[in-house]
Every structure is written in C-alpha cells, then in structure tokens.
Amino acid sequence: MNQYSVLLVDDEEDVFQVIMKKLDWESMGFRIAGYARNGVEALEMAEDLQVDVVMTDIKMPYMDGLTLCKKLKELYQSMKVIIFSGFDEFEYAKEAIKIEAEEYILKPINANELREVFERIKLNLDKELDEKRNIDKLREYYMESLPVLQENFYTSLIEGRIPEEKIEQYARNYQIELTGPCYVVTVMHISTTKQEEDSVPIDPLLLAVSVKRLAEEQLARSWNSKVMAYLGDIIVITQLPDEESITHFTDRMDRVCKMAKRICKARVTAGIGHICNQPGQLPVSYQGAKNAISYRVLYGTIRAINIAETDPQENADIPWEGPYISEIIKRIKMGEVAPLKEAIQKFTAQLSGSKVSLQKYRILIMELITEIFRFGSNNQLNLEEIFGENSDVYTQVMQLESMEAVSGWLNEKCLKMQKQVLNERQDTTKSFVTRAIEYVREHYSDQDLSIETICSYLNVSAAYFSTVFKKETGKTFINYLTDYRMEEALNLLLTQNEKTYIISEKVGYSDPNYFSYVFKKQFGMSPSKYKASKAEQTE
C-alpha cells in the first residue's frame with residue numbers, strides 16, 4: 001500500500017495531540033511527518049519534508065492558513081491542503097474553495113468525518129501516483145525507442161517523405177537539433193565483391209556494423225554528424241558551420257575510408273552530396289551522394305568522392321520522370337559504352353513491351369529528348385554537332401518506324417554525347433593539373449608550399465586533388481614537388497657557385513641538413529660530392 005506524509009499546522013499544541021490520536025494513520029496509508037505552529041514555519045517545513053498533505057488551521061500568527069494554502073498551491077501544485085477552523089463562516093469556506101483547498105472542515109473535528117476526508121484524499125493521491133507512474137513508464141519507453149525514432153526521422157527526411165512544414169515539429173519531438181546552417185548527406189558504400197587477399201571473409205552485416213561504429217567515433221561529435229545504416233549502406237547526415245567547410249569534411253571522410261580499410265578490412269567509398277541550406281533539401285543531397293558513389297568506377301574505391309568536385313555541372317534535383325531515363329543520363333555521364341547501350345536497350349524494351357498508347361508514347365519520347373537536351377545544355381555540349389544544325393529532333397524521332405530504329409538513333413546520339421562529355425572531363429582534368437603544375441613552378445621556392453596550400457588555391461579538397469593529380473601525372477603531389485625541387489637544385493648546383501644552404505633556401509628547404517638528405521636520396525650522393533664529381537668529369 002502506498003504511504004503518504006502529512007504535516008499538521010496549528011498554533012495550539014493540544015490540537016496536534018487530539019488529531020494524531022483520532023485515527024490509525026498507518027493503517028490508512030499515512031504518517032505524520034511533523035507539525036508547525038504557524039504558516040511561516042509550515043512553509044519552511046513543507047519545503048524540507050516534501051510532504052503530500054498539509055492540514056492547517058486558519059487563525060494563526062505571522063501567516064494564516066488561507067495565505068499558507070495559497071503559497072503552497074503556487075509552489076507545489078500536487079500538494080493536498082485541508083483547512084480546519086472553529087469559525088463557521090461562509091466567507092472562509094468561499095475563500096478556501098477559491099484557493100483550491102481539498103477540504104474545509106470545522107472544529108471540533110469528528111473522527112469519522114476526518115477519516116472520510118483522508119480516505120478521499122488517499123484515493124486521489126493513489127490515482128495521481130498511478131498516472132505519474134504510467135507517464136514515467138511511457139517516458140522511459142519513449143527514451144528507449146528514441147534512437148529508432150530518430151533514425152526513422154532521418155531516413156524519412158532524406159527520402160523526402162516529411163512535409164517541409166512538419167520537419168521542425170518532428171525534430172523537436174525526437175529531440176533532434178537541426179541548427180545547420182548547412183547540411184550534407186554522405187553515403188558510405190562497402191564493396192563486397194573484392195576482399196583483401198590476406199583477410200578472413202567477414203559477414204557483410206558485421207562489416208557494416210564495424211564501419212558504422214568507426215564512422216560514429218570519427219564524425220559524430222567532431223563533425224556534428226548522425227550515422228545510421230540504411231539499405232545496405234552507411235548514411236551520414238552532417239551539419240556544417242558554413243559551405244567552405246565541405247573541403248575539410250571531404251578530406252576527413254577520405255581519411256575515414258582509409259581507416260576502414262586498415263581497421264575494419266573494408267573497401268569503403270564515401271559519396272558526398274550537394275550542400276543544402278534547409279533540412280527539407282536533404283533528398284537532393286542524398287541523390288547527389290548516391291550519384292557520387294557511381295564515380296568509383298572512374299576514381300576507385302577507398303576514398304571520398306564529392307559530387308560537387310567530380311561533376312560540378314550536375315543538377316541533383318532534375319525532375320527525371322522515370323528510372324530508365326535517369327539511367328541513360330547517368331550512363332552518358334559515366335563514359336562507358338556498354339552500360340550506356342544496355343540502359344538504352346532496357347528503355348526501348350520497356351517502352352515496346354508496355355503497349356502504351358500513341359499519345360503516351362509521344363509523351364515519353366518528348367520527355368526523354370527534353371532530358372537529353374537539358375543535360376547537354378547544362379554540360380555545355382555542342383548540340384548542333386550531335387543533332388545537326390536547325391534540326392527538328394522531335395520530328396526526326398517520331399518519323400522512325402520501329403523501336404529498333406529508335407534504339408539505333410538513341411545509341412548514335414547518346415554515344416556522341418558521351419564522347420563529348422568524356423573529352424570535356426579530360427580537358428577539365430588536364431587544365432586542373434596544368435594549373436597545379438604551373439603553381440608549383442612559380443612557387444616551388446616557398447618553404448610553406450604544401451598540398452593544403454595548392455588545394456586552397458584551386459578551391460578543392462585534398463582527397464580529390466590527390467586522386468586526379470596522380471591519375472594524370474603518375475606521381476603523388478609530394479613526389480612531384482620533391483622531384484621538381486631537386487631538378488632545380490641540381491641546375492643551381494651546376495650553374496651557380498652557391499653554398500649548399502643558399503641553394504636549399506632557393507628551392508624551398510629551410511633546413512640544409514634535410515635538403516642534403518633528400519638530395520642524397522634522389523641522386524645517391526650529397527650535393528657537395530655531386531658537384532665535385534661533375535667538376536672532375538669536365539676536367
């Protein structure tokens with residue numbers, strides 16, 4: 001049985017004794033916690049003892065019972081107050097009702113009446129306690145379920161299933177802070193087709209758990225990221241302080257991918273989507289992240305791929321009407337012939353087998369042509385070279401008399417577009433690397449020149465720069481810079497009569513000893529010996 005505490009308040013001590021003896025308090029579920037001689041003392045004791053019921057007289061010095069009742073109700077809304085008095089006056093009763101006293105009884109106190117009063121109060125207290133316990137249980141269950149509810153919220157958010165006007169409310173309900181001001185989605189894809197030669201095969205589910213835990217350790221706090229498993233991938237939703245932080249975040253994701261290979265024995269590719277400024281735009285970022293993953297066929301796995309760096313012209317929220325058209329556009333961008341032909345074949349086969357009406361057929365063809373032209377325009381392709389000058393492309397296609405002819409026309413035009421995209425990408429990459437090489441030639445003497453410096457100049461992440469630079473030159477940036485500095489040092493050594501430390505400074509080394517070490521590693525002997533050997537050869 002629940003037991004509740006009672007505080008008695010009266011300025012006459014014999015009244016306490018009478019009240020205490022009238023009832024068997026313990027059997028009723030109560031205990032007398034204490035008694036006070038005035039309202040001020042009672043207020044202090046109520047705070048210290050945290051009692052459930054206060055039974056008080058009205059007429060007392062310093063603070064009367066009605067004032068005490070009012071203050072107690074202000075401080076402790078659930079506390080029950082019983083007022084008793086020897087004055088049978090209506091005004092007192094009226095005031096007691098106004099200040100929400102539970103009972104108003106008259107002296108002399110009748111034992112049966114008092115018992116009935118406390119029985120009613122106990123029923124109310126029991127009911128409130130049960131409700132409180134139920135609420136506590138619900139709250140406990142809610143808190144246990146909160147991680148699952150939060151993950152459901154995030155997955156619904158990136159899928160675009162939450163109305164924009166409801167996002168803030170749901171986030172508040174699930175105790176999620178969406179303060180931004182910038183947001184980005186990353187998809188961490190684990191390749192299972194190729195495993196390390198010296199590794200023991202791992203269950204894909206366990207591998208995903210291992211990668212997820214690593215991502216949480218590396219990103220959850222330091223980058224304000226939410227990490228979760230979704231459709232076989234690891235999804236990371238990150239809130240960035242500004243748009244410029246994306247390059248540093250890309251580099252961090254690149255390191256996490258390499259850590260996953262070393263620690264988890266997993267080949268992870270992190271596709272980073274577009275930055276957005278509102279949580280409601282996260283589906284766009286998610287689509288961009290998935291598109292970035294597709295580029296692993298070009299750039300390899302175990303790295304981060306930022307869609308904004310890899311394909312700056314991509315418009316992630318193009319309203320493609322169907323997955324077949326989407327796949328054709330995607331395969332044009334990827335630059336591989338066979339997958340593009342396969343995507344076209346699937347589209348035409350679906351179109352042929354669906355037995356659509358002539359009107360629907362025309363709509364689908366118009367839709368496809370529109371998307372192809374939009375893609376070409378967004379990527380600055382030469383559409384006249386592809387489709388001919390002043391040609392009515394829609395009429396051309398509608399005059400084709402078979403699905404085989406439509407397929408042939410699509411293959412011809414899309415392959416031309418693909419070739420232009422590939423050439424443009426190669427030109428862009430070469431221009432990108434050329435700018436980096438020119439920068440090295442102009443600034444190689446700068447002792448602070450580093451991969452961070454040049455990436456800041458080019459406004460790209462170190463992860464993307466390193467991948468492209470090595471792919472085009474066959475060397476890492478550090479190797480290229482070292483080779484260039486050594487060639488310049490060699491030229492100065494043979495053409496100018498300078499001390500080693502002077503040459504060291506001129507080619508970007510502040511420490512002559514380290515310069516000599518690098519030179520010897522490169523050419524097999526120290527600078528002084530190299531110069532001496534060349535002098536001997538010329539004599």
Side-chain angles (χ1 to χ4, degrees), residues 1-88 92-143:
M1 183 172 65
N2 299 321
Q3 190 175 66
Y4 303 101
S5 56
V6 181
L7 174 64
L8 301 177
V9 188
D10 197 301
D11 58 339
E12 297 179 16
E13 188 171 348
D14 59 339
V15 174
F16 298 152
Q17 302 301 327
V18 171
I19 294 175
M20 290 171 63
K21 292 176 181 178
K22 279 187 178 291
L23 300 175
D24 183 356
W25 295 94
E26 187 173 348
S27 66
M28 293 176 58
F30 293 92
R31 65 178 182 84
I32 304 298
Y35 48 83
R37 291 172 176 78
N38 58 69
V40 175
E41 185 181 359
L43 204 58
E44 295 174 356
M45 292 180 68
E47 183 176 357
D48 292 338
L49 299 175
Q50 293 295 304
V51 294
D52 301 295
V53 183
V54 173
M55 183 174 177
T56 180
D57 189 14
I58 286 184
K59 299 291 282 186
M60 294 181 299
Y62 310 123
M63 182 187 294
D64 63 42
L66 294 178
T67 304
L68 172 63
C69 178
K70 184 177 181 180
K71 289 184 177 295
L72 287 174
K73 284 296 182 179
E74 289 173 354
L75 295 171
Y76 316 103
Q77 293 182 356
S78 62
M79 187 177 289
K80 310 301 179 186
V81 181
I82 302 169
I83 294 178
F84 63 93
S85 172
F87 302 90
D88 185 11
Y92 283 120
K94 189 168 67 173
E95 186 64 23
I97 292 169
K98 187 185 296 184
I99 59 179
E100 297 181 354
E102 267 62 37
E103 299 284 345
Y104 180 85
I105 55 179
L106 297 175
K107 295 179 182 177
I109 297 172
N110 180 279
N112 290 331
E113 182 184 0
L114 188 60
R115 183 181 294 104
E116 290 174 359
V117 167
F118 274 92
E119 285 175 350
R120 287 197 298 271
I121 288 179
K122 187 176 184 304
L123 285 173
N124 291 334
L125 288 170
D126 285 344
K127 182 180 178 181
E128 290 175 7
L129 183 60
D130 288 343
E131 289 176 353
K132 183 178 182 301
R133 285 173 177 169
N134 287 337
I135 291 172
D136 290 343
K137 284 182 179 179
L138 288 172
R139 186 176 290 111
E140 181 181 350
Y141 176 74
Y142 176 77
M143 294 306 296

> What closest approach, in Å, do L68 and A42 show between heavy atoms, and which atom pair accounts for it?
Replying inline: CD2-CB, 3.7 Å
> Is it true that E102 and K73 make a salt bridge, defined as a side-chain N closer than 4.0 Å to a carboxylate O?
Replying inline: yes
>> For the CD atom of E113 and the CD atom of E103, what is their distance to the nearest 0.5 Å?
In response: 8.5 Å
> Atom CG of D126 and atom CD1 of I121: how far apart are they, to the nearest 0.5 Å?
Replying inline: 12.0 Å
> Do K22 and R115 have side-chain heavy atoms sitting under 4.5 Å apart?
Replying inline: no
> How long is the span from the CG atom in L114 to the CD atom in E119, to the nearest 0.5 Å?
Replying inline: 10.0 Å
> Do T56 and I83 have side chains that get closer than 4.5 Å, going by heavy atoms?
Replying inline: yes
> Is L43 close to L75 at the side-chain level, that is, under 4.5 Å between some pair of heavy atoms?
Replying inline: yes
>> Is there a side chain to side chain contact (heavy atoms under 4.5 Å, CB included) between Y104 and I58? Walk through the geometry before answering.
In response: CA-CA 10 Å; Y104 180 85; I58 286 184; 3.7 Å; yes
> Which heavy-atom pair separates A36 from L7 by the least distance, and what is that distance?
Replying inline: N-CD1, 4.3 Å
> What distance do K71 atom NZ and M63 atom CE have between them, rounded to the nearest 0.5 Å?
Replying inline: 5.0 Å
> Got I19 and F84 here, is their nearest side-chain heavy-atom distance under 4.5 Å?
Replying inline: yes
> Looking at side-chain heavy atoms only, is the closest gap between M55 and I32 below 4.5 Å?
Replying inline: no
>> Is it the case that over 12 heavy atoms from other parts of the model lie below 6.0 angstrom from the CD atom of E26?
In response: no
>> Once side chain to side chain contact (heavy atoms under 4.5 Å, CB included) is applied, do any residues pair with L129, and if so which ones, sequence neighbours excluded?
In response: N2, Y4, R133
> Tell me the side chain to side chain donor-acceptor pair (under 3.5 Å) pairs involving residues 35-52, sequence neighbours left out?
Replying inline: S5-D52
>> Contact between V53 and L125 at the side-chain level, heavy atoms closer than 4.5 Å - yes or no?
In response: yes
>> Working to the nearest 0.5 angstrom, can you tell me the gap between C69 SG and E74 CD?
In response: 10.0 Å
> So do K122 and M28 actually touch side chain to side chain, heavy atoms under 4.5 Å?
Replying inline: no
>> Show, in sequence, the C-alpha distance, side-chain angles and deciding distance for D57 and V15, and conclude whether the side chain to side chain contact (heavy atoms under 4.5 Å, CB included) test is met.
In response: CA-CA 10 Å; D57 189 14; V15 174; over 6 Å; no
